[in-house]
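The block underneath contains the structure these notes are about, expressed in structure tokens.
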Amino acid sequence: MNTTATKTAITPRRDEDFPEWYQQVVRAAELAEPSDVRGCMVIRPWGYGVWENMQRQLDAMFRATGHRNAYFPLFIPLSYFAREAEHVEGFAKECAVVTHSRLEADADGKLKPASALTEPLVVRPTSETIIGASYAKWVQSYRDLPILINQWANVVRWEMRPRLFLRTTEFLWQEGHTVHETEAEARAETKQMLDVYERFVRDHLAIPVFSGEKSESERFPGAVQTLSIEAMVQDRKAIQAGTSHFLGQNFARASGIQFQNREGKQEFGWTTSWGMTTRLIGTVVMMHGDDDGVVLPPRIAPTQIVILPITPKEETRARVLEVCDKLAKQLREIRYVDLPIEVEVDRREIGGGVKNWEWIKKGVPVRVEIGPRDLENNSVAVSRRDQAVKAKESMRMEEFVARAPEILMSIQNTLYERAKKFCDENTRVVASKDEFYSFFTPKSAAKPEIHGGFALAHWNGSREVEEQIKNDLKVTICVIPFGNSEPGRCIFTGEPSSRRVVWAKSY
RNA sequence: CGGGCUGUGGCUCAGCUUGGUAGAGCGCCUGGUUCGGGACCAGGAGGCCGUGGGUUCAAAUCCCACCAGCCCGACCA
């Protein structure tokens, strides 16, 4: 009767069409869906739950490093925005601009914008300039420094080609903005926050990354230095998972953030900014998902354990549900990494198979079935999302309760190890230009298979080479990793190179 | 913003060439049989065919304009 047993929950499979698989997974898992507003998405409760977990956990890390949250305006006066030239150049093409303050009905009764603003307002694509304006007022003395503030907000970048979570017109993020007395302190802050991101994605999202510096051409507009962490997702492309910028005195100069230093002289502050976005949700999907849907790392799963009552007979239904509730209560009293375990009893009256698959697609880490037979034996049937969909282990109820945190931890670790192995296997040292080109050229040009990966190769540091490679292969330097400086020769020009850099196709 | 394709119940699409007033599968609702891995049977609800105009006795179908979406290019977290 069941001829669909081997069928995957998501069509197409990852190896058939990765971008399409991604879209299908995001929708099937009810993380998000496109909205009627072009380029914007609706983040559904399951997706938003993931975001809230990320937010809460990262926010705690910001607090621990001395940062506090604040909120600045959504609208940035055009004149403020215009203060930093490179910044303008970088963002001007994707700004939404508010020009009117009112709607009026015309003769046909159609609403039209009216009452033009004397100065247009830019909807923030990022907040350096508007926050800088406040900082300029707050800072007078070196005693006012450092300023360590973070903001959780939405931003708008008028993108041409939206994809759920990965690139949408409006997205949610966190942006830290700090001011320091010295260059060294600001540089240390930039690095510190990159390390925070690295730890966060590794320990909470089970994502291994390469961390380092961006090349000049990939730098944030207006920054002196941009650091980033880069992850490899399952189509072997790179995705930026977080960035931290050392802004030098560029923005301080533009915004007038000045202070009297210890020698009594006026000096511009040294600023940094750093951010992480809802794009990370898409990264998690592409990192850990499989052909049956999302696979969530337990630490960010909105529900970590779902209890599925099996109620084939009306006469046992009440007792089964009662035992399910009792188990849920017991589990909620246990902690997994300092937080109560999130448990849900799914008592909806729909087909058992359908219900089970819904949770598989959503990526809930642990599914627990309890049916009449379990009542007899005081047992439960446990399935882990990091194992085969049909795998099920029967264990005594008390044993499961005792082992729940350990099981979650084990899943979290498995996901990380799996991702690390994948990344390692598809990262390789490339020693010649020919090897480089063949590494990044798919066998089939018409329908490119998943190919390439990260190439570690020497580079002479020139923008021209980067440009050439980007044109030829759509491959860029995703990051210049820290440390490991091992001199060699640029594989493209033969010129001296101080270290290997990471090349990849990238999101 | 340039080039190509597509708009038909919630979703995927057929119907369009050869105009005659709308269909399928899935989903949804009801009842029953089921239920420890995507069940089955029976019945039912749901669409001014993207929008506006034109041709015609008659338009989902032909013509024009507009809008939206997808893919490909330029840009990006």
Side-chain angles (χ1 to χ4, degrees), chain A residues 1-11 17 19-20 23-24 27-28 33-39 89-95 125-126 154-163 165-175 197 214 217-221 226 228-231 238-245 273-283 292-293 308-314 316-317 320 349-361 367-377 379-383 388-392 394 470-471 474 476 478 506-507:
Chain A
M1 54 164 195
N2 185 11
T3 54
T4 58
T6 54
K7 191 178 120 192
T8 58
I10 304 297
T11 321
D17 185 346
E20 182 58 25
Q23 302 278 2
Q24 295 303 328
R27 298 190 71 159
E33 64 189 23
S35 84
D36 294 341
V37 186
R38 146 128 212 176
E89 204 188 313
F91 287 106
K93 297 182 295 287
E94 52 191 47
C95 284
T126 178
N154 57 337
V155 284
V156 167
R157 295 184 187 174
W158 214 262
E159 295 291 349
M160 295 281 83
R161 217 189 278 174
R163 290 183 63 188
F165 290 117
L166 301 179
R167 199 188 296 111
T168 48
T169 299
E170 179 189 15
F171 57 96
L172 306 182
W173 78 346
Q174 139 298 295
E175 49 179 329
Y197 289 144
K214 281 287 193 187
S217 55
E218 301 278 322
R219 208 174 273 161
F220 176 77
T226 288
S228 82
I229 52 173
E230 302 279 335
I239 186 162
Q240 185 174 303
T243 53
S244 185
H245 315 291
S273 68
W274 25 276
M276 178 226 84
T277 79
T278 36
R279 185 184 227 195
L280 266 187
I281 298 172
T283 305
D292 292 314
L308 304 167
I310 309 294
T311 55
K313 295 193 179 71
E314 203 49 49
T316 50
R317 171 186 298 272
V320 168
E349 295 189 19
I350 57 174
V354 172
K355 190 190 277 192
N356 206 357
W357 278 102
E358 267 185 33
W359 287 104
I360 292 167
K361 287 185 277 192
R367 308 187 303 282
V368 181
E369 291 177 17
I370 299 181
R373 293 210 296 270
D374 294 300
L375 298 190
E376 311 300 320
N377 313 324
S379 65
V380 294
V382 180
S383 303
V389 150
K390 285 184 215 154
K392 207 190 298 193
S394 182
K470 188 174 177 180
N471 286 339
K474 292 193 174 68
T476 54
C478 73
S506 136
Y507 275 93

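We name chains A, B, ... by the order of the sequence lines, and we start the count at 1 in each one.
With P as the reference atom, B:U51 and B:G32 are 41 Å apart, rounded to whole Å. For the P atoms, the distance linking B:A59 with B:G54 amounts to 12 Å, nearest Å. Comparing B:C11 with B:C66, their C1' atoms are spaced 27 Å from each other, to the whole Å. Nucleotides B:G52 and B:G46 are separated by 26 Å at their C1' atoms, to the nearest Å. For the P atoms, the distance linking B:A68 with B:G36 amounts to 48 Å, nearest Å. Rounded to a whole angstrom, the distance from the P atom of B:C48 to that of B:G2 is 34 Å. Across B:U61 and B:C49, the matching P atoms stand 9 Å from one another, rounded to whole Å. Across the C1' atoms, B:A39 and B:C26 are found 15 Å apart, a figure rounded to whole Å.
As judged by a 4.0 angstrom heavy-atom cut-off over every strand, A:Leu166 is placed among the base-contacting residues. If you check every strand for non-hydrogen atoms under 4.0 Å, A:Tyr507 touches nothing. Note on A:Gly351: nothing from the nucleic acid sits closer than 4.0 angstrom, heavy atoms only. Among the protein residues, A:Arg367 comes within range of the nucleic acid bases, having at least one heavy atom under 4.0 Å from a base atom. When heavy atoms are screened at a 4.0 angstrom cut-off, A:Gln240 is found touching the sugar-phosphate backbone but no base atom. Using a 4.0 Å heavy-atom distance criterion, A:Val389 is classed as a base contact. Using a 4.0 Å heavy-atom cutoff across all strands shown, A:Pro34 reaches no nucleic acid atom at all. Within 4.0 Å (heavy atoms only), A:Lys361 reaches at least one base atom of the nucleic acid. At the heavy-atom level, A:Thr168 lies under 4.0 Å from base atoms of the strands shown. If you check every strand for non-hydrogen atoms under 4.0 Å, A:Leu280 touches nothing. Among the heavy atoms of the strands, none lies under 4.0 Å from A:Thr226. When heavy atoms are screened at a 4.0 angstrom cut-off, A:Lys392 is found touching base atoms of the nucleic acid.
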Practice problem: Check the pair A:Thr243 / A:Phe220 against side chain to side chain contact (heavy atoms under 4.5 Å, CB included), numbers first and verdict last. | Solution: CA-CA 9 Å; A:Thr243 53; A:Phe220 176 77; over 6 Å; no
Exercise. Please lay out, stage by stage, how A:Arg367 and A:Glu358 fare under the test salt bridge (Lys or Arg N to Asp or Glu O under 4.0 Å).
Key: CA-CA 11 Å; A:Arg367 308 187 303 282; A:Glu358 267 185 33; over 6 Å; no
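Taking only distance into account, the side chain of A:Asp374 meets the base of B:G36 through a donor-acceptor pair shorter than 3.5 Å. Between the side chain of A:Arg167 and the base of B:C76, at least one donor-acceptor pair of N or O atoms lies under 3.5 Å.
In this structure, the CG atom of A:Leu308 is 18 Å from the P atom of B:C35, given to the nearest Å. Taking atom CD of residue A:Glu349 and atom P of nucleotide B:G31, one finds them 11 Å apart after rounding to whole Å. Taking atom CG of A:Leu375 as the reference point, atom P of B:G36 lies 16 Å away to the nearest angstrom. Put simply, CD on A:Glu358 is 12 Å from P on B:G27, counting in whole angstrom units. Rounded to a whole Å, the CZ atom of A:Arg373 is 12 Å from the C1' atom of B:C35. Atom P of nucleotide B:G38 and atom CD of A:Gln24 are separated by 22 Å, given to the nearest angstrom. As a whole-Å value, the separation of A:Gln23 CD from B:C70 P is 9 Å.
Set against B:C35, B:C75, B:G37, the side chain of A:Glu94 has B:C75 as its closest nucleotide. Distance from the side chain of A:Ala9 is smallest for B:G38 among the nucleotides B:A77, B:G38, B:G36. Side-chain proximity of A:Ile360 to B:G37, B:A39, B:G36: nearest is B:G37. Nearest nucleotide to the side chain of A:Arg157, out of B:A77, B:G37, B:G36: B:A77. Here the side chain of A:Lys470 is nearest to one of B:A77, B:A39, B:C75, namely B:C75.
Using a 4.0 Å cut-off, no side-chain N or O of A:Lys93 falls inside it from OP1 or OP2 of B:C1.
Summarising the local packing, CD of A:Glu33 is surrounded by more than 12 heavy atoms from other residues, nucleotides or ligands at distances under 6.0 Å.
Looking at residues two or more places apart in sequence or on another chain, you find no side chain to side chain donor-acceptor pair (under 3.5 Å) involving A:Thr11. Taking A:Thr283 as the reference, nothing meets the side chain to side chain donor-acceptor pair (under 3.5 Å) condition, with sequence neighbours excluded.
RNA chain B is contacted by both A:Ala391 and A:Phe171; A:Ala391 maps to the nucleotide lying nearer its 5′ end (nearest heavy atom per residue).
Taking a centre distance below 5.5 Å and an interplanar angle below 30 degrees as the stacking criterion, A:Trp357 does not stack against the six-membered base ring of B:G37.
Side-chain contact between A:Glu349 and A:Arg317 is present, with at least one heavy-atom pair separated by less than 4.5 Å.
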